[in-house]
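Protein chains get the first letters and strands the later ones, always in sequence-line order, with residue 1 at the start of each.
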Protein chains: 2
Amino acid sequence: MAKGLDLVAPSPVEEAAAQPEGVRRPVRGAGSRFVYETLHREILSLVLRPGAPLDETRLARRFGMSRSPIREALSRLSAQDLVMMLPNRSTLVAPLDLTTFPRYVEALDLLQRINTRLAAQHRPAASIPELRRKAELFDASVKLQDHLEMSASNSAFHIAIAAAGGNPYLARQYGALLDAGRRLLHLHFEYLEQTGGEYVLADEHHDMIDMIAARDVEGADRLAHAHTRQFHDRFMRFLRTSYVDDFPFERDDTDTGAEPNDR
Amino acid sequence: MAKGLDLVAPSPVEEAAAQPEGVRRPVRGAGSRFVYETLHREILSLVLRPGAPLDETRLARRFGMSRSPIREALSRLSAQDLVMMLPNRSTLVAPLDLTTFPRYVEALDLLQRINTRLAAQHRPAASIPELRRKAELFDASVKLQDHLEMSASNSAFHIAIAAAGGNPYLARQYGALLDAGRRLLHLHFEYLEQTGGEYVLADEHHDMIDMIAARDVEGADRLAHAHTRQFHDRFMRFLRTSYVDDFPFERDDTDTGAEPNDR
DNA sequence: TGTCGACTATGTGTCGACAATATAATAGCT
DNA sequence: AGCTATTATATTGTCGACACATAGTCGACA
């Protein structure tokens, strides 16, 4: 698929190709939920590119339903900052602003550390096998090279840690940050596969569970911090690498690059 | 109005009494925004009690518009956890779950400290007079005993600090927590006035600005932490007080008292 | 008299249509 | 030829209506 640094390419959405079931929608409130989940997945996996326009009418045609459920789904996505709704104008997939990447890592590190600390402090006994299971789901997806499942199960694992920590406020905010990060993960998955770095990640997960099981708060904190740093360093390396590799010679002079700022 | 501890009273919403302008709605996207802001204000100021049902049809009649803009406003409120939308059933003002109050304070403390620290580190010079202005707005509302304006300007002050810190992710999450806390503020405003404790709060604001202006990170952190602790302690005192006052005889023995721990 | 089932009522989820607005495309003017 | 005003087009915000889902009510039956 060769995704380079065109983070805001307004690529036209592949039109039809939804609607797998030929039968009627089963339950009543499912329309909006289905649209939400589908778009959620497609945005986080970069199938819908950052900056791509999301036309309500077009989406309504694609999903074979009215604009009302589409609108509700977009509204919910907008609340998570996954799409931007411009008043009286189109709504777009939220652009990936790499200038705030350091701020993002800063926030992620903080929430990851505090939630992991809380898990080590307060985890109920039953949460340990649950965490093992989630970590193994991630391992399995890594073995299958299933990108979508990798980012999903990775988030699910960390969210489970936060749930074990017992603070719903912090867990919720951590979850939002993890979601936003899934787009960055997908951005450099290919790079990850070349370097084989994801296996290190998987090991770190199990180490974290050990610390949480042992109620070693400082140890869990240290691992959580190192985990974020891993992510940060790998992503930065990816940025440098892909810059050198992907840049050909037919550069368009009118295009300033990857950052069409509209602030 | 003598609000006691009936936090989940499903009091019927005062019916009409909105719609101050007799003229037509000026601009196009204003309907939904107006409904959102009105409900937002009424929820945070406890005019709409926690647990109160929000009937879409009734709200549509009240605001003199269709259910579509009502629905959008409720959807946005739901994303902030200010209302609960029960599928295929009614939507209610989010109940105030006091059992999670310790968790809330924990989260608020963390976000308040980190954002205040960041402000002391990164604040641009121009932000200091801005903070002074916001602190004075809070002082003025305290003098006027304007509850709504007090909680609003208090949040605005702290959000300005977070903005000066320069991390939009952490600032946003801090803002959400501050919003949720406004309901708790309103809950014990009367108690605050009896004890005169709010003037201490106002002084603390100016002390925090001093620390931020001096780039004293540790000092700012210390004040932020003390500020949260102030809030926690006052609210706990309020709970004990009103508990004794309002619940004389029908005390539930399963309730352990003022510290509803569930860890 | 207690329990189960159908019926009614309230309210949401979804639909199709219309009106208003922003962008573009075109015409008019200097 | 370049710039402004106007029309045209596309897309959103809002509306009223209908159908389904849930809760409460009533009646039948054991």
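Comparing dA22(C), dG16(D), dT12(C) against the side chain of N88(A) picks out dA22(C) as the nearest. Minimum atom distance to the side chain of D55(A) is reached by dT12(D), of the listed dT14(C), dG11(C), dT12(D).
For F63(B) and dT14(D), the CZ to P distance is 13 Å, given to the nearest whole Å. Following rounding to the nearest Å, M65(A) (CE) and dA19(D) (C1') show an atom-to-atom distance of 16 Å. Rounded to an integer number of Å, the gap from F34(A) CZ to dT14(C) P is 13 Å. Atom CG of L54(A) is separated from atom P of dT12(D) by 10 Å (rounded to the nearest Å). Atom pair L86(A):CG and dT23(C):P shows a separation of 9 Å (rounding to whole Å applied). Rounded to an integer number of Å, the gap from Y36(B) OH to dT14(D) C1' is 20 Å. In this structure, CG of L59(B) is placed 15 Å from P of dT14(D), rounded to the nearest angstrom. When the C1' atom of dG11(C) is taken as reference, atom CZ of R61(B) falls 11 Å away, rounded to whole Å.
One finds a salt bridge joining E130(A) and K134(A) here, because a Lys/Arg side-chain nitrogen approaches an Asp/Glu carboxylate oxygen to under 4.0 Å.
Both E72(B) and P87(B) lie close to DNA chain D; mapped to their nearest nucleotides by heavy-atom distance, the more 5′-ward contact belongs to E72(B). Across the interface with DNA chain D, nearest-nucleotide mapping of T91(A) and S68(A) shows T91(A) to be the residue nearer the 5′ end.
Close to dT12(C), at under 4.0 Å from its OP1 or OP2, lies a side-chain N or O of T57(B). Taking side-chain N and O atoms only, R67(A) has no distance below 4.0 Å to OP1 or OP2 of dT11(D). Using a 4.0 Å cut-off, no side-chain N or O of R89(B) falls inside it from OP1 or OP2 of dT10(C).
If you check dT14(C) for Watson-Crick or wobble pairing at under 3.5 angstrom, you find it paired to dA17(D).
With hydrogens and angles left out, the side-chain atoms of H186(A) and S151(A) include a donor and acceptor closer than 3.5 Å.
Within the 4.5 Å cutoff, the side chain of L74(B) has heavy atoms near those of the L39(B) side chain.
For CE of M84(B), the number of neighbouring non-hydrogen atoms (other residues, nucleotides, ligands) closer than 6.0 Å is 12 at most.
In this structure, H188(A) and F238(A) have tilted ring planes: the angle between them lies in the 30° to 60° band.
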